[in-house]
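Model, not experiment: these values are computed from the prediction.
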Amino acid sequence: MVNHDTKAYLVGAGVGSLAAAVYLIRDGHFPGKNIHIFEEMNITGGSCDGTGSAEKGYVLRGGRMLNDEAYECTWELLKFIPSITDPQISVRDEIIAFDKKVQTHAKARLVDENGKIVDVSSMGFSNKDRMDLMKLTISPEDALKTYTIEQCFSPSFFKTNFWYMWATTFAFQPWHSAIEFKRYLNRFMHEFPRIHTLAGVTRTPYNQYDSIILPIIKWLGGQDVHFEMNCKVTDLDFKPSQEEKTIERIHYLDAGKQKEITVHNTDLVFVTNGSMTEGYSLGSMTSAPRLGSKGASFTLWENIVRKQPDLGTPSVFSDHIDKSLWESFTVTCKDPIFFDLMENFSGNSYGTGALVTFKDSNWFMSIVLAYQPHFINQPENIKVFWGYSLFPNNIGNYIPKKMSECTGEEILIELCSHLRFHKHIPFILKNSNCIPCMMPFITSQFMPRVRTDRPEVIPKGSTNLVFLGQFAEIPDDVVFTVEYSVRSAQMAVYSLLKLNKEVTPINQHQYDVRILFDTFITSFR
């Protein structure tokens, strides 16, 4: 039984902390009023965001792929959370119903330099590519060390249809970790036969903040969980010990005032170390976003490591902005013309959420038109779509500037030019609000690393400290997913509370004979 005087302190209000709070209450019978979540911003959800209005423009910093077969912990959690639009059903049931109603089947997955849809029925592999892929999927992680993806393949691999589609579905770069790429190949092996249509993507009725985060927040609020907003945790003090790691004090800033909390023997501390959206910056139709730098989350991790050097290597992830940044953009349309033009161009029905990648774009640009409305508060006459580019520091094909230096208007011109919507550009610009977003650390979790560069979810010798989120180490699972954060929360709560419950197992698709056969056949398409 949990001592009703025990308190839980969670640093960061991202998916990991929110899930951990649910597990504490649901499975650990923890009093909600004893849970305190500290968030330096004035909004919850961490990197799983979605905000704005029709008047000022909507913003999604990132796009997230959900998957029925590979999100075991997420679905188990959401079966328990009531829908915010219909409390009689769970969020999971709501998503299943929506996904049956609106199915993704991309008909224009890749577009070439001539604005023509590419035939992606073939993956484009050579025999060497096939052998290299097979070799990577069976290589032990310790043998891969800090190898990059480009060290495992020939240059021609990065010109295949497969690479263009896989890289833009999951945001991989050639210089990213071969270990992380291998994990994705194994974790999503069942997606090989349908990667060209994205039929395996599970969509939510609205953006994932409105469809997933808000229902969790509402449920936690009903349990009297405390959200300490605009509070930045700056440091943690450890009790002196050679063998154990025990937090005894939390330092934080509340409205600029330095405060501290004494952590008692039975209290628990959950830390989200690092953030993929730290240092982000928004632009506008008339201004470009700026390049930000490290903030509270990475700094806290650095402070922790100074006291406990075996809790990871933050610099591996945070000191390579040139290799971890990319830029997204959200477009709010007052007229449906862009959606109409895209429907005619792609053959996809209105807003089925199919990703379109311009494979010869110097910026390596992709866009996705989700089902409308994409925000709960979105008026019927407003349409919203999202896009991103993996090479924002390259000069555009049509705009002679780096994307990182471009305004929202210039980004829209570049996009419309790739689509050959030239004559419609003035009208689209007049009736659209494109808000660019620069994210310096967005793929920092993909940087080449060894296992010890990320702390274990439950560090060796810890009595009351656990780590959550994308920069904690979970064997076999894949970062840059909602699932990774939720799984870390389940592991943390079950361990700290010593619950007699099994963490939801990972589906091992790479050992399924049928999936292996389908993948083999697909590689020869």
Within 6.0 angstrom of Tyr494 OH, more than 12 heavy atoms from elsewhere: yes

Set of residues satisfying ring pair (Phe, Tyr, Trp, His ring centres under 6.0 Å) with respect to Phe38, sequence neighbours excluded: Tyr252

Distance flag, aromatic centroids of Phe471 and Phe298, threshold under 6.0 Å: yes

Note, Asp267 side chain near Asn464 side chain (heavy atom, < 4.5 Å): no

Ion pair check, Glu191 and Arg194, cut-off under 4.0 Å: yes

Ser324 side chain to Ile442 backbone, donor-acceptor under 3.5 Å: no

Residues forming a salt bridge (Lys or Arg N to Asp or Glu O under 4.0 Å) with Arg451, sequence neighbours excluded: Glu456

Short side-chain to backbone donor-acceptor contact, His226 and Lys33, under 3.5 Å: yes

Residue pairs passing the ring-ring contact (aromatic ring centres under 6.0 Å, His included) test where at least one lies in residues 75-100, sequence neighbours excluded: Phe80-Trp219, Phe98-Tyr371

NZ/Lys307: more than 12 non-hydrogen atoms of other groups inside 6.0 Å: yes

Arg109 and Thr357 side chains, donor-acceptor separation under 3.5 Å: yes

Between Thr137 and Asn186, a side-chain donor and acceptor under 3.5 Å: no

Any Trp386 side-chain heavy atom under 4.5 Å of Ile367 side chain: no

Short side-chain to backbone donor-acceptor contact, Asn42 and Met229, under 3.5 Å: no

Between Phe446 and Phe172, ring centroids under 6.0 Å: yes

Carboxylate-amine/guanidinium proximity below 4.0 Å for Glu76 and Arg487: no

Side-chain H-bond candidate by donor/acceptor type, His190 with Asn67, under 3.5 Å: yes

Student check: side-chain heavy atoms of Thr504 and Gln490 closer than 4.5 Å: yes

Side chain to side chain contact (heavy atoms under 4.5 Å, CB included) between Val225 and Ile37, worked out: CA-CA 8 Å; Val225 171; Ile37 301 177; 4.0 Å; yes

Side chain to side chain donor-acceptor pair (under 3.5 Å) between Glu327 and Ser389, intermediate numbers included: CA-CA 6 Å; Glu327 186 172 350; Ser389 296; over 6 Å; no

Asn265 and Lys239: side chain donor to acceptor below 3.5 Å: yes

Interatomic distance, Leu236 atom CG to Leu465 atom CG [nearest 0.5 angstrom]: 7.0 Å

Derivation of the side chain to side chain contact (heavy atoms under 4.5 Å, CB included) call for Leu516 and Tyr511: CA-CA 7 Å; Leu516 285 169; Tyr511 301 123; 5.8 Å; no

Contact check, side chains of Val271 and Leu468, non-hydrogen atoms, under 4.5 Å: no

Pair Asp477 + Arg187: basic N to acidic O under 4.0 Å: yes

Minimum side-chain heavy-atom gap Gln445-Met276 below 4.5 Å: yes

Stepwise salt bridge (charged side-chain N to carboxylate O under 4.0 Å, His left out) check, Lys182 with Asp476: CA-CA 10 Å; Lys182 163 195 160 70; Asp476 298 327; over 6 Å; no

Side-chain touch Leu325/Met439, heavy atoms, less than 4.5 angstrom: no

Shortest non-hydrogen separation from Trp326 to Thr443 and the atoms involved: NE1-CG2, 3.2 Å

Over all atoms of both residues, closest heavy-atom pair of Leu497 and Gly28: CD1-CA, 3.6 Å

Under-4.0 Å salt bridge between Arg203 and Asp99: no

Nearest non-hydrogen partners of Phe188 and Ala70, listed with the distance: CE2-CB, 3.7 Å

Separation of Leu66 CG from Ile95 CD1 (nearest 0.5 Å): 6.5 Å

Which atom of Pro215 lies closest to which atom of Pro82, heavy atoms considered: CB-O, 3.6 Å

Qualifying residues under ring pair (Phe, Tyr, Trp, His ring centres under 6.0 Å), relative to Phe125, sequence neighbours excluded: Phe162

Side-chain heavy-atom pair Leu300, Asn273 within 4.5 angstrom cut-off: no

CD-OG1 distance between Gln470 and Thr277, expressed to the nearest 0.5 angstrom: 10.0 Å

Asp237/Arg249 salt bridge by N-O under 4.0 Å criterion: yes

Flag for Thr463-Glu244: side-chain donor and acceptor within less than 3.5 Å: no

Distance-minimising heavy-atom pair for Ala21 and Ile35: O-CD1, 4.0 Å

Check: Tyr388 side chain, Thr168 main-chain N or O, donor-acceptor pair, under 3.5 Å: yes

Separation between CD of Glu94 and OG1 of Thr85, rounded to the nearest 0.5 Å: 4.0 Å

Which atom of Ile213 lies closest to which atom of Gly45, heavy atoms considered: CG2-CA, 3.9 Å

Side chains of Leu496 and Ile458 in contact at under 4.5 Å (non-hydrogen atoms): no

Criterion side chain to side chain contact (heavy atoms under 4.5 Å, CB included) on Phe467 and Val457, from CA distance to verdict: CA-CA 5 Å; Phe467 290 97; Val457 173; 5.6 Å; no

Test salt bridge (Lys or Arg N to Asp or Glu O under 4.0 Å) applied to Glu39 - qualifying residues, sequence neighbours left out: none

Plane angle bin for Phe157 and Phe181 - parallel if under 30°, tilted between 30 and 60°, otherwise perpendicular: perpendicular

Straight-line distance of Lys7 NZ to Phe30 CZ, nearest 0.5 Å: 8.5 Å

Heavy atoms of other groups near Arg306 CZ, more than 12 under 6.0 Å: yes

Reported CG-to-NZ distance for the pair Asp254 and Lys259, which is rounded to 0.5 angstrom: 4.0 Å

Show me the donor-acceptor pairs, under 3.5 Å and distance only, between side chains in residues 311-322 and residues at least two apart or in other chains.
unit_1	atom_1	unit_2	atom_2	d
Thr313	OG1	Asp453	OD1	2.9
Ser318	OG	Pro314	O	3.1
Asp319	OD1	Lys294	NZ	3.4

NZ/NE/NH1/NH2 to OD/OE distance under 4.0 Å, Lys232 and Glu40: no

Salt-bridge contact Lys79-Glu72 (side-chain N to carboxylate O under 4.0 Å): no

CA sep, side-chain torsions, deciding dist, call: Cys48, Arg64, side chain to side chain contact (heavy atoms under 4.5 Å, CB included): CA-CA 8 Å; Cys48 193; Arg64 305 157 204 93; 3.7 Å; yes

